[in-house]
Structures are given as structure tokens and as C-alpha cells.
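Some notes on the structure that comes next.
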Amino acid sequence: MGRGDLSDVEWARLEPHLPKNVGRGGRWKNHCTVINGILFRQRTGIPWRDLPTRYGKWKTAHDRHRRWSADGTWDRILHNVQADADAEGQIDWSVVSVDSTVCRAHQHAAGARHRPAQIPGRRRRPAQDRPDEAVGRSRGGLTTKIHLASYGGCRPLSILVTPGQWGDAPQLIPVLDRIRVPRPAGGRPRTRPDHLCGDKAYSSRRNRCYLRRRQIRHTIPERRDQRANRRRRGSHSGRPTSFDRMQYVRRNEVERTINAFKGSRAVATRYDKRAYVFHGTVTLAAIRLWLRP
């Protein structure tokens, strides 16, 4: 086993959720070798052509990662791994925090073709495809932003990739809507945390109304201009927002999750041209965090 490869314990947790061979031909062979090659590229950020020969052909690893990113295989594996952890009682639903981080887009991540992307061998678009390819311009140049929700175990519950200049507040609802942890015993997936923490960037009337409608208690500090506007309106502005300082301390958990994410160089710096491929890279990094004991 090489440095950064899956251990026996991690492989035992991952193998039951991988696609199986159906029919003749043995399409998906050497899952372990190919996945370790994809993880090596994700950890080091090297070009696909420079993948060490011990992981087989670089084209095999590249095509499998691109295909599984397009058809949602990485997303299904992440949901299944989360379901196993939830069945074992490892997910703390008492407090979930949201935050975002900006990733610098390499020059190789720009210049994608303007025609819509398609799933290889199928006539439909990938589920995570975006017309803007999630590449935006800011003061730092080309950037991509990763929005995520995380709990106390420093493992992500949902992931959203957007252009780097997009704000955080409009993405709170899409991030929470992506939380879907299946229940192996049956029933609806778990989608709602007991308490939500976020910084001032998520403070808006729309977000607070959404959280109250879903009966999610929240700790989000009010911005200074919003507080002044509420006082100016007087009794017509409603009650002041509550703030629990002890709960807000736990917001560091999502920041530690972001630090763990950026341990992967292919996540800290985006090299993928297509948005759905980069979403698969980030999802694979999340899977690796869930597999760790």
C-alpha cells in the first residue's frame, strides 16, 4: 500500500457501495487500483498524464473519474457512506454549521468548450453541469467557491460549487436542500438538522424565514446595517433576532472541515475545466473524509 492509498478498513467500508459488473465483459475491473490512482491525483494535484504507472493507465483513471462525476456515482457513494455512519450513530445532528471557501482556478481550468457537456455514451447532460462552469472573476483572478454544511465530526453533509464571486446568503437554502442522508432501515432521508450555525454572511430575512418554516433553530449574527434598519423601522420590523454565543462557538467545526478539504491540492486549486468534474473531485474528497476512522 502506497502513501495516501486506501487502507483495508477504508476499502471494506467503500467496496459495498461501488458499481458492480453487469453482464459479460467485466467493465469495472480493478476498482481499488483505479480509485487509489484517482485519490493520488486528487491529493497531489498532478496532471493526469503524470500518474504513476503502479496505478495502471492514466486514461483509465481519468475516464472513470469523469464518468462517475457525470452520472452521479460519486454522489450516490457519498450518500451511502453517510447512511452507514448515521446508522452507527456517528452523525451529530444537534448542531450543523455552514460556510464557504474560495479556490483559485488554475489557468488550465479555463477555456472549456461552450457547447453543453454530455454524459459519455448517453444523450443527456450531467446532473452537476453548469453553463458558467462555476468559474468566476474576482480580485484574485479566476476563482471557484465551495459551499458546504458540516457537523461536529468535521465531515461534510452537503456540497455546492458556484463561481467565486457569488455571495453566501443566497446559497444557504440550496446547501441545506442538498442534505439527504438515507435511512437503511427504510423511511424518508434525514434532511433537517436540529440547530444551524452560520456567520454574518448568511444573515437575511429570506434565510431566517426559511429556517423558521422548516422549524430549524439557528444562530446567525445580525449584520450591523440590518440591525440599524430594524431599529429605524420600529415596531413594524418585528422582534430582534436571538443569538446564542455558546452555540456560535461550534461554528469552528465547519472551518476545520474546510481545512481538511484543502489538504487535497486538486481541491485547494481547481484544475478541472468542467464544473461537474470538479464537483466530483470535491465529492471524492468528502468521501475520503467519511472513510477515515
Side-chain angles (χ1 to χ4, degrees), residues 1-7 10-11 14-78 80-81 103-130 133-135 142 144 146 159 161 261 263-288 291:
M1 184 180 71
R3 178 174 177 265
D5 292 349
L6 292 170
S7 63
E10 294 173 339
W11 176 248
L14 178 64
E15 186 179 14
H17 308 304
L18 296 177
K20 302 296 189 296
N21 289 326
V22 180
R24 302 174 60 183
R27 177 182 180 185
W28 304 120
K29 287 186 177 180
N30 299 326
H31 269 322
C32 187
T33 302
V34 174
I35 291 178
N36 282 330
I38 298 173
L39 290 173
F40 182 88
R41 181 261 176 182
Q42 172 200 297
R43 181 173 59 86
T44 59
I46 61 173
W48 285 103
R49 294 178 182 270
D50 296 336
L51 197 67
T53 56
R54 66 176 181 268
Y55 298 115
K57 297 181 179 180
W58 70 268
K59 186 66 173 175
T60 302
H62 169 268
D63 290 349
R64 193 167 303 184
H65 175 61
R66 183 171 62 94
R67 185 181 297 272
W68 285 7
S69 300
D71 60 14
T73 300
W74 289 129
D75 293 324
R76 289 192 293 271
I77 294 174
L78 176 60
N80 292 331
V81 173
C103 303
R104 180 67 183 270
H106 194 267
Q107 59 182 355
H108 295 165
R113 296 181 179 179
H114 294 290
R115 63 184 183 184
Q118 290 185 350
I119 298 178
R122 302 181 185 179
R123 294 184 179 180
R124 59 188 181 91
R125 299 178 62 182
Q128 304 298 333
D129 185 42
R130 299 178 59 97
E133 298 299 344
V135 176
L142 298 178
T144 298
I146 302 174
I159 300 168
V161 176
F261 256 124
S264 301
R265 299 200 174 194
V267 176
T269 302
R270 173 179 171 176
Y271 300 101
D272 303 312
K273 288 183 182 294
R274 292 293 189 180
Y276 73 89
V277 179
F278 183 66
H279 177 85
T281 301
V282 179
T283 304
L284 180 60
I287 294 173
R288 188 60 191 272
L291 294 177

| task | Evaluate side chain to side chain contact (heavy atoms under 4.5 Å, CB included) for Val161 paired with Arg130, printing each intermediate quantity in order. | result | CA-CA 10 Å; Val161 176; Arg130 299 178 59 97; 5.6 Å; no
| Which heavy atom of Val34 sits nearest a heavy atom of Ala61, and at what distance? | CG1-CA, 3.9 Å
| said: Are Ile35 and Arg64 packed together at the side-chain level, in the sense that at least one heavy-atom pair is separated by less than 4.5 angstrom? | reply: no
| message | Please check this pair: side chain of His31 against backbone of Pro19, looking for a donor-acceptor N/O pair closer than 3.5 Å. | response | yes
| message | Just verifying a value: how many Å separate His106 NE2 and Arg265 CZ, rounded to the nearest 0.5 Å? | response | 12.5 Å
| Audit row: Gln42, Leu39, side chain to side chain contact (heavy atoms under 4.5 Å, CB included) steps and yes/no | CA-CA 5 Å; Gln42 172 200 297; Leu39 290 173; 4.1 Å; yes
| query | What's the verdict on side chain to side chain contact (heavy atoms under 4.5 Å, CB included) for Trp11 and Asn36, showing C-alpha distance, side-chain angles and the deciding distance? | reply | CA-CA 10 Å; Trp11 176 248; Asn36 282 330; over 6 Å; no
| message | Would Thr44 and Asp50 count as a side chain to side chain contact (heavy atoms under 4.5 Å, CB included) here? Give the steps. | response | CA-CA 11 Å; Thr44 59; Asp50 296 336; over 6 Å; no
| query | Does any non-hydrogen side-chain atom of Ile146 lie less than 4.5 Å from one of Phe278? | reply | yes
| query | Near Arg54 CZ, under 6.0 Å, is it more than 12 heavy atoms from other residues, nucleotides or ligands? | reply | yes
| query | Taking the six-membered ring for Trp, are His108 and Tyr271 ring centroids under 6.0 Å apart? | reply | no
| query | If you take all heavy atoms of His17 and Val81, which pair is closest and at what distance? | reply | CD2-CG2, 4.0 Å
| What pair of heavy atoms forms the shortest contact from Glu10 to Leu291, and how long is it? | CG-O, 3.5 Å
| query | Salt bridge between Asp63 and Lys59, side-chain N to carboxylate O under 4.0 Å? | reply | yes
| Going from CG on Leu18 to NZ on Lys20, what distance comes out if it is rounded to the nearest 0.5 angstrom? | 6.5 Å
| Looking at Tyr55, is Arg41 sitting on its ring face, NZ or CZ under 6.0 Å from the six-membered ring centre and within 45 degrees of the normal? | no
| message | Taking Ala109's backbone N and O only, do any of them form a donor-acceptor pair with Lys273's side chain (distance below 3.5 Å, no angle check)? | response | no
| said: Taking Thr283's backbone N and O only, do any of them form a donor-acceptor pair with Asp75's side chain (distance below 3.5 Å, no angle check)? | reply: no
| said: Taking Arg66's backbone N and O only, do any of them form a donor-acceptor pair with Arg274's side chain (distance below 3.5 Å, no angle check)? | reply: no
| request: Might you work through the ring pair (Phe, Tyr, Trp, His ring centres under 6.0 Å) test for Trp48 and Trp58, ending with a clear yes or no? | output: CA-CA 6 Å; Trp48 285 103; Trp58 70 268; 7.9 Å; no
| task | Can you see which heavy atom on Gly280 is nearest to which on Ser69, and at what distance? | result | CA-OG, 3.4 Å
| request: Return yes if a side-chain donor-acceptor contact under 3.5 Å exists between Arg76 and Thr73, otherwise no. | output: yes
| For the student: nearest non-hydrogen atoms of Leu51 and Phe40, plus distance | CD1-CD2, 3.9 Å
| said: Just verifying a value: how many Å separate Leu6 CG and Leu14 CG, rounded to the nearest 0.5 Å? | reply: 6.0 Å
| said: For Arg3 versus Arg43, what's the shortest heavy-atom pair and its separation? | reply: NH1-NH1, 2.7 Å
| query | Does the side chain of Pro52 reach to within under 4.5 Å of the side chain of Ile46, using non-hydrogen atoms? | reply | yes
| message | For Trp68 and Trp74, take the angle between the two ring planes, folded into 0 to 90°, and tell me which bin it lands in: parallel under 30, tilted 30 to 60, perpendicular over 60. | response | perpendicular
